Amino acid sequence: MGKDKSQEMRRTQAEKMLKQPKKLRAKWISRLFTLIMVVALSVATMGLLIKTTVLNADFTSKELAKDENIGKLYTEANQTLASSAQMYRIPASYADSLITKKQFRQDVEIAIKRIYDGQVTQIVDTNTLSSQIQTNVNKEIASSGVPVDASVFSGIVESLASVLSNYISQQIPSTQLQQVYDAASNISGYVTLMITAGSIITVVMLILVLLLQRSLFGWLHYTGLAFLITGIIFCIIGYTSVPAEIFPSLINQSGILGSIVENYAYAILSQIVNMGIIESVIGIVALLVSFFRKV
């Protein structure tokens, strides 16, 4: 009886020893797949960030035309427009409200989108400016209660719209922005490839790790590690990078322009950090769930 038990114990120990190399090998292979997953996930994430920021006209126009960026630019534009209006003998009470800040911000957004569409030679729609100025003049006349014929200003509106159009065109670095966008557009195919290839490789690694681990908790452990490491990498990039590293030629511009582009660069860095945080949270949640197998 004792002999049988002894043989059974030796056989069990032998089986355990045979299984240990397999487990160890599966562990190291899983770690290798996790490393590949980190690289693939990083590539896909970077491609997605480029596509949703620099290559995205809506994102760029909204960030460049934010209130804190437009404030000083609008003040100078309004002063330039008012000076020109007074040259045409338009009363000061009307001259100071020929364009509203909201309208000006919308005009700047449209101008940036036109740059993305390749319309660099004429980024401002003067017909829209003329319509805005004429509408505002009519409102001022109506609210003043003074009997003034609005048609008196109709011949001057186009000239004022041209003044404002020239000002916006001078302040927005259309040529440089077009160069940045063209450079980004030239790699748009590679960006799509980055997203596609990175996503496919990530999914393949996820499947391989699951097959190796044969356990949902084990799979979550390595998946969580991959996402957490990737998230930390992007958080570090976002927090340690400076705007001058993204748009050096534009940020080195003096005055309002440099400040506006710097804020835009910070918005991109903020997106990088946000993506890093999202991936880190996914990783932490996966790791926490994986620990349930030990409870």
Side-chain angles (χ1 to χ4, degrees), residues 53-144 148-182 184-185 250 253 255-257 259-261 263-264 267:
T53 56
V54 180
L55 291 178
N56 190 313
D58 288 331
F59 174 84
T60 300
S61 62
K62 282 183 172 58
E63 289 299 330
L64 289 177
K66 275 188 172 178
D67 281 346
E68 58 265 31
N69 293 335
I70 288 298
K72 292 181 181 178
L73 201 61
Y74 169 72
T75 300
E76 289 190 3
N78 209 32
Q79 289 173 350
T80 301
L81 192 60
S83 298
S84 299
Q86 289 175 13
M87 288 174 58
Y88 289 107
R89 296 183 180 179
I90 292 178
S93 59
Y94 301 154
D96 290 336
S97 53
L98 293 174
I99 192 82
T100 66
K101 187 176 181 180
K102 182 179 179 181
Q103 289 171 334
F104 183 74
R105 184 173 63 248
Q106 291 171 343
D107 295 333
V108 171
E109 285 186 25
I110 292 170
I112 294 167
K113 287 180 181 179
R114 286 168 78 95
I115 292 173
Y116 270 68
D117 290 336
Q119 302 178 44
V120 186
T121 53
Q122 187 179 358
I123 64 172
V124 182
D125 184 356
T126 52
N127 290 330
T128 299
L129 292 181
S130 296
S131 176
Q132 289 171 339
I133 293 172
Q134 185 69 65
T135 300
N136 293 336
V137 168
N138 292 345
K139 284 182 179 178
E140 284 298 312
I141 291 172
S143 63
S144 66
V148 178
D149 184 3
S151 62
V152 173
F153 299 104
S154 60
I156 305 170
V157 166
E158 287 187 11
S159 298
L160 293 175
S162 178
V163 169
L164 187 57
S165 173
N166 290 335
Y167 176 83
I168 294 175
S169 299
Q170 289 170 5
Q171 296 302 315
I172 296 179
S174 56
T175 303
Q176 290 170 301
L177 276 179
Q178 185 66 39
Q179 289 172 352
V180 171
Y181 177 68
D182 286 344
S185 295
L250 292 175
Q253 299 280 339
I256 301 172
L257 173 60
S259 176
I260 289 176
V261 177
N263 288 339
Y264 174 56

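Everything numeric in this text was worked out from a predicted model, so none of it was measured.
- To the nearest 0.5 Å, atoms OG (Ser83) and CG (Asn78) are separated by 9.5 Å.
- To the nearest 0.5 angstrom, Ile99 atom CD1 is 13.0 Å from Thr80 atom OG1.
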Derivation and outcome, side chain to side chain contact (heavy atoms under 4.5 Å, CB included), residues Gln132 and Asp107
CA-CA 10 Å; Gln132 289 171 339; Asp107 295 333; 2.8 Å; yes
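- In terms of modelled atom types and a separation under 3.5 Å, the side chain of Thr135 and the main chain of Ser131 share a donor-acceptor contact.
- Nearest heavy-atom pair, Ala161 versus Thr126, reported as atom, atom and distance to 0.1 Å: CB-O, 3.9 Å.
- A 4.5 Å side-chain heavy-atom check between Val108 and Tyr74 finds every atom pair outside the cut-off.
- Applying the side-chain hydrogen bond (donor to acceptor under 3.5 Å, both in side chains) rule to Thr75 yields no partners; only residues at least two apart in sequence or on another chain are considered.
- Scanning both residues, Val163 and Ser84, for their nearest heavy atoms gives CG1-OG, 3.5 Å.
- For the pair Ser162 (side chain) and Glu158 (backbone), a donor-acceptor distance under 3.5 Å is absent.
- Scored by the side-chain hydrogen bond (donor to acceptor under 3.5 Å, both in side chains) test, Thr100 finds Gln103 as partners (sequence neighbours excluded).
- Taking all atoms of both residues into account, the shortest heavy-atom contact from Ala65 to Glu109 is CB-CG, 3.4 Å.
- Atoms CG and CG, from Leu164 and Leu98 in turn, are 9.5 Å apart once rounded to the nearest 0.5 Å.
- Of all heavy-atom pairs between Tyr116 and Thr60, the closest is OH-OG1, 2.7 Å.
- Atom-to-atom distance recorded for Ile112:CD1 and Lys62:NZ is 11.0 Å, nearest 0.5 angstrom.
- Minimum interatomic distance between Tyr167 and Leu73 (heavy atoms only, all atoms of both residues): OH-O, 3.5 Å.
- Nearest heavy-atom pair across Ala267 and Glu63 is CB-OE1, 3.3 Å.
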